[in-house]
There are 4 protein chains.
Amino acid sequence: MARPRRYDPDRRERIVDAALRVVGRDGIAGLSHRTVAAEADVPLGSTTYHFGSLDELLVAALRRANATFGQALRESPELAGPDADLAAALARIMGRWLDEDRGEVELAYELYLAALRRPALRPVAEEWAGEVRAALAGRTDLATARGLVAMMDGLCLMYLLGGHRYQEGYARAMLARVLDEGSEAPVVPLSEPPTAPTDT
Amino acid sequence: MARPRRYDPDRRERIVDAALRVVGRDGIAGLSHRTVAAEADVPLGSTTYHFGSLDELLVAALRRANATFGQALRESPELAGPDADLAAALARIMGRWLDEDRGEVELAYELYLAALRRPALRPVAEEWAGEVRAALAGRTDLATARGLVAMMDGLCLMYLLGGHRYQEGYARAMLARVLDEGSEAPVVPLSEPPTAPTDT
Amino acid sequence: MARPRRYDPDRRERIVDAALRVVGRDGIAGLSHRTVAAEADVPLGSTTYHFGSLDELLVAALRRANATFGQALRESPELAGPDADLAAALARIMGRWLDEDRGEVELAYELYLAALRRPALRPVAEEWAGEVRAALAGRTDLATARGLVAMMDGLCLMYLLGGHRYQEGYARAMLARVLDEGSEAPVVPLSEPPTAPTDT
Amino acid sequence: MARPRRYDPDRRERIVDAALRVVGRDGIAGLSHRTVAAEADVPLGSTTYHFGSLDELLVAALRRANATFGQALRESPELAGPDADLAAALARIMGRWLDEDRGEVELAYELYLAALRRPALRPVAEEWAGEVRAALAGRTDLATARGLVAMMDGLCLMYLLGGHRYQEGYARAMLARVLDEGSEAPVVPLSEPPTAPTDT
DNA sequence: AATGAATGAGCATTCATTCAT
DNA sequence: TATGAATGAATGCTCATTCAT
């Protein structure tokens, strides 16, 4: 309504914010130049001016979401103590996450979905897993860290899709099994994936 | 091309087949009445006649895919021997699957993730997990079976999205950890999820 | 659901009833073979079998509505006494009608609308006005009866469309003016309109 | 035909004009994005760009029609003289209107009646009645003005729907009765209806 | 006599993108 | 630089009617 806003720095940022809100509310399928322009209260042309394509805008939005989440994860109190029970800590974090920010979790896994078919999003999805691994750095070896990420992803999907309530005890038990290096040694020391160039 | 086909039983089946091909090729986002009508070589109106909505058609197609996959899994030779090494068997099956039918795997996980936003797909996604659990029935307890499914899902996503090659040894090791009941007992005996009525 | 109903007399009647319900609920625009078939719980083909076209079905439904309303009008207690105050009686009937059967009133005037553009409905609309005139027969001359009908139509539209509450006193006053033959004699004794052949 | 017309001011106006022609010719039911685009010789997308919905376009078109008619009414010579015979003047205007612009009259009443089911049209219908009342302002009290409008509406519908020729003498007589305040005083001084905000 | 299948036309609407200003 | 207008393709879906059974 307050239309005449010709000089507007951080308009770009506001568009990204709006895109994130739209995607969180309606899913990636709900993102369009129109919806984001309306949400950001900017003219339609402004979105195409600042972002060459929808994918470009989506990548920017998801990257911002990743950063926010990664920071929250790294700063979570459960991971602070150096000798914390890692399985218990992750199980508690997952529980809080599923409980409090379900929309955010859905967004994260919807990103996974989109990345399956849209190569431009692959690097962002990869960064996502990287955030988690980074938070585990030093607490366990890389192979185990990957296993933990896989288990967390699998459990999250199970809880997001099934009708169950989250059961922290169960999650802790499963993560603990993955952590138990004695049972079977990690056979292959995985190298980091080839980080593709990120934009478009 | 062969247009004058007024009498055509199993037209419905042919539409489902075509939908499955379209989704396998272009993803769920590529499915539309028009694309499926073209693929099945039927008039547009025919697809809307047989399926009241796209979701209905999609569910039918995915249900078919589930059944096919479930059968293949249950009949896979690796799971035949009663005392087989379960971790190794699953790792091999995953490998073969990722190698030979990558499109099918992508489809499966796209279904998983699409169900996040489209409630109509939830029951189908749930059936999907059920197929895997059914294949593991009797080989391990339910809690562990769920853990295995979660780990397999997580690993598949990792391989589908990242740039890695599949490493069977690594997968076997991680699955073996999940199987190692000694490390930590399954705390919560999970009940079956509320299985929604299946046919729409 | 109770599908196998091959022998079903008065199916035709049930279809007409269903059509009337549909039109009353969703308007004439909401009437289609599909909606009426669903409402009547009969197969789609049944509606086209019993009625050659939608117009034919619509005419049958509206004719039934007319008859019902006409009977109610003729039997209304306000018109029973031979020396009743006609203006007051009509005003009260209108009020009750607008109050209790607003849907029915809307239906009646929607018929007017449709008849403007669909000649097949003209005779039915004419019958409608005829019902009212018949109820007034003997109470006043034909010219005045027509004037009363016109005033009632105009007032009904005013109340249906405007935001006003119905004001019986005002309606009575206006109808009384129309009845006051002293003020200006009806100049032209109107003949009955040429009743067109009714079907199609 | 003259396709390459990228710069085209008053495109919006031309679309409204075309819509009015379409509605006048085929009725409100005949209005669609396609018909109006064809009539205006603009691409289909142009109509949806300028008007968010068909209702919005319809309202714009009808509003234009209202304004045109209101002006004609206010400027009609029959109403010019301050002490003119109001009943005779209105009867003559009605006659001319029904004779010369039958399409326009049909449109006006189709609007009235369409508003029954489409709330978006209600304010426009209300404005329509307001135009007539405005033309009578100062010539009679408000209650009588409303009665005149009701009678005119009822008579118009009668003539539009029935097979009669318009009979000016009869109309004059009936309107004169409504005007005859002596017969029964207007009981209720009607307030103006809640005039909805007009521009969408 | 009755009906499910079929169909081609049509519908409102959304869309990413281009372009003239 | 910024943006409203423009556009052609595509979307899901409804429809009256026809037709083979």
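Computed from a predicted model, the values in this text were never measured in an experiment. As a basis for the values below, the full set of heavy atoms in this structure was taken, side chains included, without hydrogen atoms, waters or symmetry mates.
- Residues Val23(C) and Leu111(C) fail the side-chain proximity criterion, which asks for heavy atoms closer than 4.5 Å.
- Sequence order on DNA chain F of the closest nucleotides to Thr48(A) and Thr35(B) puts Thr48(A) first from the 5' end.
- Between Thr47(C) and Arg12(D), the residue anchored closer to the 5' end of DNA chain F is Arg12(D), taking for each the nucleotide with the nearest heavy atom.
- One can place CZ of Arg14(A) at 14 Å from C1' of dA2(F), the figure rounded to the nearest angstrom.
- One interatomic measurement links the two molecules: CG of Asp26(A) to C1' of dT14(E), which rounds to 14 Å at whole-angstrom precision.
- Summarising the base pairing, dG10(E) is matched to dC13(F) through a Watson-Crick or G-U wobble pair whose two defining distances lie under 3.5 Å.
- Across all strands, Ser32(D) comes closer than 4.0 Å only to sugar-phosphate atoms, never to a base (heavy-atom distances).
- Look at NE2 on His33(B): it is 17 Å from C1' on dT14(E), rounded to the nearest Å.
- Counting any heavy atom pair closer than 4.0 Å across all strands shown, Leu54(A) reaches sugar-phosphate atoms only and no base atom.
- One cannot find a donor-acceptor pair under 3.5 Å joining the base of dA5(E) and the side-chain atoms of Arg11(B).
- Partner assigned to dT18(F) is dA5(E), using Watson-Crick or G-U wobble distances below 3.5 angstrom.
- Counting to the nearest Å, the P atom of dA12(E) and the CD atom of Glu56(D) are 14 Å from each other.
- Phe51(D) places its CZ atom 15 Å from the C1' atom of dG4(F), with the value rounded to the nearest Å.
- The side chain of Arg34(B) approaches dG10(E) more closely than any other nucleotide in the set dT7(F), dG4(E), dG10(E).
- What you find for Leu160(B) and Glu106(B) is that their closest heavy atoms are CD2-CG, 3.9 Å.
- The only member of Glu104(B), Glu127(B), Glu13(B) that meets salt bridge (Lys or Arg N to Asp or Glu O under 4.0 Å) when paired with Arg64(B) is Glu13(B).
- For Leu44(C) and dT7(E), the CG to P distance is 15 Å, given to the nearest whole Å.
- Under the 4.5 Å side-chain criterion, counting only non-hydrogen atoms from C-beta, Val16(D) is in contact with Phe51(D).
- Within 4.0 Å (heavy atoms only), Leu57(C) reaches no atom of the nucleic acid at all.
- Relative to the side chain of Pro43(C), the nucleotides dT17(E), dT3(E), dG8(F) differ in distance, and dT3(E) lies closest.
- Rounding to whole angstrom units, CG of residue Asp10(B) and C1' of dA6(E) are separated by 15 Å.
- Listed nucleotides: dT7(F), dA12(E), dA10(F). Nearest to the side chain of Ser46(D): dT7(F).
- Each of dT17(E), dA5(E), dA2(F) was ranked by its minimum atom distance to the side chain of His50(A); first place goes to dA2(F).
- In this structure, Ala114(C) and Ile28(C) approach most closely via the heavy-atom pair CB-CD1, 3.6 Å.
- Distance CD1 (Ile28(A)) to P (dA16(E)): 14 Å, rounded to an integer number of Å.
- With a 4.5 Å cut-off on side-chain heavy atoms, Asp26(B) and Thr35(B) do not count as touching.
- OP1 or OP2 of dT3(F) has not a single side-chain nitrogen or oxygen of Tyr49(A) nearer than 4.0 Å.
- The 5' end of DNA chain E is approached more closely, in terms of each residue's nearest nucleotide, by Gly45(C) than by the other of Gly45(C) and Ala29(A).
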